[in-house]
Visitor: 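Take a look at the following structure, please.
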Amino acid sequence: MSDSSALSDLSSLTRPELERWFARQGEKPFRGRQVFRWLHARNAASFEEMTDLSRALRARLPELAWLSAPAILEERQAGDGTRKYRFGLRDGLQVEGVYMPEERRRTLCVSTQVGCAQGCRFCATGTMGLTRSLSAGEIAGQLEAVSRRLAAEGLARPVTNVVFMGMGEPLANLEAVAAAVDILLDDFGPKLSRRHVTVSTVGLVPQMEEFVHRVPAKLAVSLNASSDEVRDSIMPVNRRYPLAELMRCCRNLPEQHARVTFEYVLLGGVNDSLADARALVALLAGFPCKINLIPYNPCPGLPYERPEERRVVEFGDLLAERQLSVFVRKSRGVELGAACGQLLTQARRGTPGGCAPRSPRPDEPPSPG
Ligand code: SAH
Ligand code: SF4
C-alpha cells in the first residue's frame, strides 16, 4: 500500500463521499458503503480483509487508494483499567489516545493534531508546537485501532463515547474533525450517538460559530480562567479572543448547543483561589452550562502545580452553592504517565510517566485525555 498523494485516502472519506468515489471508478456506489462498513464498523486495516469484494477489485484498490488509519505502537494499562495508546501514523509521526472504561460507558480520548499551535503554557502538547493536522481517517482510525484491539480481547462494544480532547486543537482542523464526526455517527460505521461525541476547543470563536452549524457533536470550551489577566497569562489565544468575546459567542449558540460544558483546569496558586471561583460565578451568571473542574496534572519542565485537595473541594463547593452544575475529576491511571501529550514529551526527555488522565464520575460529562 502506498501513501502517495496521487492516491485517494479512503479512510478519510465520509460514506457519501466514498459512494461517489466508487461511482467515479466505474463501480456501483454500494461498493462505497461496503468499504465504509469494513473500515469503520468492522475495523479492517487493509483492503485484503474485505472478503466480500471481488478478488479483482481488491487487487485494483491499492493502485488507486490507500488507508491513513494509524497503528497502535504501544499500549500501557493502569490498575484501574485506563489504557494509554501511542499511535503511529504512516509518515512516522506519533499521537496519543487514552481509553477509560467505566461501568456505564467506555470513553476514548482521541488526538486531532500532531502537537498544537495554541501554546497554552501549562500543556505538554502546547510545548511541542504544531507539526501537522491529522486527516479524518487518522482521527476516526484511532477508534478503529482501539476497537479492533479490544474486540480481540472479547469486548463486544468496547467504546461508547469519544472525546476530542487529546493532542491538538480540533477547531484548528475543522474540515477533518467534521468529517471524522460524520464517520463516527454514521449508521454504517461506529454508529455512536451524537450525545456521546464531544469536541473540546481552546476557544477559537469564528471556528466555534462554524462548528455549531456544521457538526452535530457536543462542544466543550476550555475556559481555565475567569479574568482576562489570568487567561492571557496561561492561554495565548485569549489575546485574540478575550473572555467577553468568547462568552458572547457561547451565549449565542444555537439551541442544540445551548448547554455548553466549560473545562477549568485548576492550577495551584494561579487560578484556584476563592476570588477566582467568585469571578467564575459572575462570568457564568444565568448561563445554562456545566463546569468540569480538572485538577492539574503536573508536567516535568512546566512551572505549574497541582492545587491542594482542600482547595479543589472549596472551589467546587462555592460554584455548587451558587447553583452552577459542577463536576470534579478524579485521577485515573496515574502510573501511566499522562494526559495526552505528556507521554510523548516525557519519552523525548527520557523520563518515565508521572502525569494522570482524568476520569469522570458516572453522571459526569466525559473527560479529557
Ligand atoms: N485543544 C483542546 C483539546 C485538547 S486539550 C482544548 O484545549 O480544549 C483538552 C483539555 O485538557 C483542555 O481542557 C486542557 O485545558 C486540558 N489540559 C491540558 N493539559 C493538562 C494537564 N496537564 N492537566 C490537566 N488538564 C490539562
Ligand atoms: Fe493545544 Fe489544548 Fe494544549 Fe492548549 S490545552 S496547547 S489548545 S492541546
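In what follows, every heavy atom counts, from backbone to side chain, and hydrogens, waters and symmetry copies are set aside. The first residue in the sequence is number 1, and the count goes up from there.
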Visitor: Does any donor atom in the side chain of S68 or D9 lie under 3.5 Å from an acceptor atom in the other side chain?
Guide: yes
Visitor: Among pairs that include at least one residue of residues 178-193, which meet salt bridge (Lys or Arg N to Asp or Glu O under 4.0 Å), considering only residues two or more places apart or in two chains?
Guide: R15-D186
Visitor: Out of curiosity, L283 CG to R278 CZ, how far, rounded to the nearest 0.5 Å?
Guide: 15.0 Å
Visitor: Would you call the rings of F87 and Y85 parallel, tilted or perpendicular, taking 30° and 60° as the class edges?
Guide: parallel
Visitor: Would a 4.5 Å heavy-atom cut-off, applied to side chains only, mark V114 and L134 as touching?
Guide: yes
Visitor: Can you find a side-chain donor-acceptor pair between W38 and N43 that sits under 3.5 Å?
Guide: no
Visitor: Any salt bridge between E209 and R214, counting N to O under 4.0 Å?
Guide: no
Visitor: Without swapping roles, check the side chain of S222 against the backbone of V202 for a donor-acceptor pair under 3.5 Å.
Guide: no
Visitor: Checking salt bridge (charged side-chain N to carboxylate O under 4.0 Å, His left out) for the pair D91/R132: CA distance, chi angles, key distance, verdict?
Guide: CA-CA 11 Å; D91 58 3; R132 72 167 172 89; 2.8 Å; yes
Visitor: Closer than 4.0 angstrom, basic N to acidic O: yes or no for R60 and E27?
Guide: yes
Visitor: Any heavy-atom pair between the side chains of D272 and Y296 that's under 4.5 Å?
Guide: no
Visitor: Around atom CD of E308, are there more than 12 heavy atoms from other residues, nucleotides or ligands closer than 6.0 Å?
Guide: no
Visitor: Using the rule that Ile, Leu, Val, Met, Phe, Trp and Tyr join whenever any side-chain heavy atoms are under 4.5 Å apart, tell me whether M50 and I183 fall into a single cluster.
Guide: yes
Visitor: If only side-chain N and O atoms count, and only distance matters, is there a donor-acceptor pair under 3.5 Å linking E169 with T201?
Guide: yes
Visitor: Please tell me if the side chains of F327 and I291 come closer than 4.5 Å, counting only heavy atoms from C-beta onward.
Guide: no
Visitor: Donor-acceptor pair, S147 side chain versus L143 backbone, under 3.5 Å?
Guide: yes
Visitor: Do E102 and R105 meet the salt-bridge criterion of a basic N to acidic O distance under 4.0 Å?
Guide: yes
Visitor: If a pair satisfies ring pair (Phe, Tyr, Trp, His ring centres under 6.0 Å) and one of its residues is in residues 302-324, list it, with sequence neighbours excluded.
Guide: Y264-F315
Visitor: Rounded to the nearest 0.5 Å, what's the gap from CG on L319 to CZ on R322? Could you check?
Guide: 9.0 Å
Visitor: With a 4.0 Å cut-off on N to O distance, would you call E153 and R83 a salt bridge?
Guide: yes
Visitor: Considering all heavy atoms of both residues, which atom of R240 and which atom of P242 are nearest to each other, and what is their separation?
Guide: O-CD, 3.4 Å
Visitor: We want to know whether D232 and N238 form a side-chain donor-acceptor pair, criterion being a heavy-atom distance below 3.5 angstrom.
Guide: yes
Visitor: In terms of hydrophobic clusters joined by side-chain contacts under 4.5 Å, are L267 and V313 together?
Guide: no
Visitor: With no hydrogens and no angle check, just 3.5 Å: does a side-chain donor-acceptor pair link Q113 and S133?
Guide: yes
Visitor: Got a salt bridge between E49 and R148, using NZ or NE/NH1/NH2 to carboxylate O under 4.0 Å?
Guide: yes
Visitor: I'd like to check V95 versus P70 (side-chain heavy atoms, cut-off strictly below 4.5 Å). Are they in contact?
Guide: no
Visitor: Do M167 and C116 make a side-chain contact, defined as non-hydrogen atoms from C-beta onward lying under 4.5 Å apart?
Guide: no
Visitor: Is it true that a side-chain atom of N224 and a backbone atom of V265 form a donor plus acceptor pair closer than 3.5 Å?
Guide: yes
Visitor: Is there a chain of hydrophobic side chains (I, L, V, M, F, W, Y, each step under 4.5 Å between heavy atoms) that links F30 to L64?
Guide: no
Visitor: What do you reckon, is CZ of R106 surrounded by more than 12 foreign heavy atoms closer than 6.0 Å?
Guide: yes
Visitor: In Å and rounded to the nearest 0.5 Å, what is the CG to CZ distance from L223 to R231?
Guide: 6.0 Å
Visitor: Hey, are E96 and R86 close enough for a salt bridge, meaning a charged N less than 4.0 Å from a carboxylate O?
Guide: no
Visitor: Using a 4.5 Å cut-off on heavy atoms from C-beta on, say whether the side chain of E305 contacts that of P298.
Guide: no
Visitor: Using the rule given for salt bridge (charged side-chain N to carboxylate O under 4.0 Å, His left out), can you reason through E144 versus R42, listing the C-alpha separation, both sets of side-chain angles and the distance that settles it, and then say yes or no?
Guide: CA-CA 8 Å; E144 287 140 26; R42 304 171 85 172; over 6 Å; no
Visitor: Can M165 and T198 be said to form a side-chain contact (heavy atoms from CB on, under 4.5 Å), step by step?
Guide: CA-CA 8 Å; M165 296 183 185; T198 303; 3.9 Å; yes
Visitor: Which atom pair, heavy atoms only, marks the closest approach of V197 to A217?
Guide: O-CB, 3.4 Å
Visitor: Could you tell me which non-hydrogen atom of Q118 sits nearest to which non-hydrogen atom of A172, and how far apart they are?
Guide: NE2-CB, 4.3 Å
Visitor: Enter the distance from F122:CZ to L302:CG here, rounded to the nearest 0.5 Å.
Guide: 10.0 Å
Visitor: Working to the nearest 0.5 angstrom, can you tell me the gap between R31 CZ and Q25 CD?
Guide: 13.5 Å
Visitor: Please report the shortest heavy-atom distance between L184 and A140, naming the atom on each side.
Guide: CD2-CB, 4.2 Å
Visitor: Please answer whether the main-chain N or O of M235 pairs with a side-chain N or O of R121 as donor and acceptor at a distance below 3.5 Å.
Guide: no
Visitor: Is a side-chain N or O of S8 found less than 3.5 angstrom from the main chain of L10, in a donor-acceptor match?
Guide: no
Visitor: Side chains of Q34 and R37: do they bring a donor and an acceptor to under 3.5 Å?
Guide: no
Visitor: Take T107 and Y99 through the side-chain contact (heavy atoms from CB on, under 4.5 Å) test and state the conclusion after the steps.
Guide: CA-CA 6 Å; T107 303; Y99 175 70; over 6 Å; no
Visitor: Decide if atom CZ of R194 counts as having more than 12 heavy atoms of other residues, nucleotides or ligands within a radius under 6.0 Å.
Guide: no
Visitor: Taking C-beta and beyond as the side chain, do S200 and V221 meet within less than 4.5 Å on heavy atoms?
Guide: no
Visitor: Might you work through the salt bridge (charged side-chain N to carboxylate O under 4.0 Å, His left out) test for E75 and K84, ending with a clear yes or no?
Guide: CA-CA 6 Å; E75 178 189 292; K84 178 97 193 177; over 6 Å; no
Visitor: Working to the nearest 0.5 angstrom, can you tell me the gap between S11 OG and L39 CG?
Guide: 5.5 Å
Visitor: Mind listing the closest non-hydrogen atom pair of G203 and L246 along with its distance?
Guide: CA-CD1, 3.9 Å
Visitor: Using side-chain contact (heavy atoms from CB on, under 4.5 Å), reason through R259 and C289 one step at a time and then give a plain yes or no.
Guide: CA-CA 5 Å; R259 201 170 152 81; C289 59; 5.5 Å; no
Visitor: Take Q94 and L89, measure what side-chain contact (heavy atoms from CB on, under 4.5 Å) needs, and give me the verdict at the end.
Guide: CA-CA 6 Å; Q94 298 180 9; L89 309 174; over 6 Å; no
Visitor: Could you pull out the closest heavy-atom pair between P254 and V212, with the gap in Å?
Guide: CD-CG2, 3.6 Å
Visitor: Taking the side chain as everything from C-beta on, heavy atoms only, tell me whether E19 gets closer than 4.5 Å to F36.
Guide: no
Visitor: State plainly whether one hydrophobic cluster holds both L266 and L274, where clusters connect Ile, Leu, Val, Met, Phe, Trp and Tyr through side-chain heavy atoms under 4.5 angstrom apart.
Guide: yes
Visitor: Using only atom types and a distance under 3.5 Å, with no angle test, would you say the side chain of E314 pairs donor to acceptor with the backbone of R311?
Guide: no
Visitor: Is L73 reachable from L150 through a run of I, L, V, M, F, W or Y residues, each pair having side-chain heavy atoms under 4.5 Å apart?
Guide: no
